[in-house]
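Data first, discussion second: the structure below is written as structure tokens.
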Amino acid sequence: LALSAAEKRALEAEVSWLREQKAEDGRALEQTAALLAMLQESHRALVASNQRLLLQIAEDKARHEEELKMHARNFAELQELTESLAARPASTAKGRRRDQRMESEQ
């Protein structure tokens, strides 16, 4: 198979162009790999941060529930105390106040 000089030059030009394309494709592949590595690292950091935040939310929620229980107990105790004070006769309450004043004066 004999090729003319023009055909030979055209094939050499095409081979040269294909080599350039291959080099460009290699650079693009390297850049893509670098970007992929950056995205994977960013994803790992976000997942770790998300896990820490979820743990913190769970801890805050548990603490909040305990505080609500404490407030409910305190309210119930206060309610019982006010009811018991309201049920006492007025003279007893006055007498106690008088006794407290006398104690504080001593």
Side-chain angles (χ1 to χ4, degrees):
L1 181 71
L3 296 176
S4 68
E7 290 173 325
K8 195 173 187 180
R9 279 191 302 274
L11 287 174
E12 287 172 355
E14 187 175 351
V15 167
S16 176
W17 180 82
L18 288 171
R19 285 185 179 141
E20 288 174 18
Q21 275 303 121
K22 182 180 177 186
E24 284 180 33
D25 290 348
R27 286 189 295 273
L29 187 58
E30 288 173 7
Q31 290 174 346
T32 302
L35 288 172
L36 179 61
M38 286 174 25
L39 285 172
Q40 287 173 333
E41 178 59 31
S42 178
H43 179 261
R44 280 190 289 274
L46 287 170
V47 167
S49 176
N50 190 47
Q51 289 173 340
R52 282 191 306 272
L53 290 171
L54 288 173
L55 180 61
Q56 183 179 355
I57 287 171
E59 291 170 354
D60 289 347
K61 183 178 180 183
R63 187 171 36 255
H64 178 70
E65 288 175 359
E66 286 301 314
E67 289 173 357
L68 285 176
K69 289 177 186 176
M70 181 184 69
H71 289 302
R73 282 191 307 268
N74 289 346
F75 180 76
E77 289 174 9
L78 182 61
Q79 199 170 24
E80 287 176 15
L81 179 62
T82 56
E83 289 171 359
S84 69
L85 289 175
R88 287 186 181 171
S91 61
T92 305
K94 287 180 184 176
R96 285 182 189 258
R97 281 189 295 236
R98 186 190 68 233
D99 292 344
Q100 288 173 347
R101 270 184 292 174
M102 289 175 64
E103 287 176 7
S104 66
E105 290 174 0
Q106 292 176 355

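For this chain, numbers begin at 1 and follow the sequence in order.
Note that the CD1 atom of Ile57 and the CZ atom of Arg52 stand 13.0 Å from one another [nearest 0.5 Å]. The distance from atom CG of Asn74 to atom CG of Leu81, rounded to the nearest 0.5 Å, is 12.0 Å. With rounding to the nearest 0.5 angstrom, the CG atom of Leu68 is 11.0 Å from the CZ atom of Arg73. In this structure, Asn50 CG and Leu55 CG are separated by 11.5 Å, a value rounded to the nearest 0.5 Å.
A heavy-atom distance below 4.5 Å is not found between the side chains of Glu12 and Val15. Residues His64 and Lys61 have side chains not in contact (no heavy-atom distance under 4.5 Å, counting atoms from C-beta outward). Side-chain contact check for Leu39 versus His43: every heavy-atom pair is 4.5 Å or farther apart.
Distance alone, capped at 3.5 Å, places no donor-acceptor pair between the Ser42 side chain and the Met38 backbone. Checking side-chain atoms of Thr82 against main-chain N and O of Leu78 turns up a donor-acceptor pair under 3.5 Å.
Applying the 6.0 Å contact sphere to CD of Glu14 captures no more than 12 heavy atoms from other residues, nucleotides or ligands. Within a 6.0 Å sphere centred on CZ of Arg44, heavy atoms belonging to other residues, nucleotides or ligands number more than 12.
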Problem set entry | CA sep, side-chain torsions, deciding dist, call: Glu66, Arg63, salt bridge (charged side-chain N to carboxylate O under 4.0 Å, His left out) | CA-CA 5 Å; Glu66 286 301 314; Arg63 187 171 36 255; over 6 Å; no
For this session: Using the salt bridge (charged side-chain N to carboxylate O under 4.0 Å, His left out) rule, take Asp25 and Lys22 through it: C-alpha gap first, then chi angles, then the decisive distance, then the call.
Result: CA-CA 5 Å; Asp25 290 348; Lys22 182 180 177 186; over 6 Å; no
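With salt bridges taken as basic N to acidic carboxylate O contacts below 4.0 Å, none links Arg27 and Glu30.
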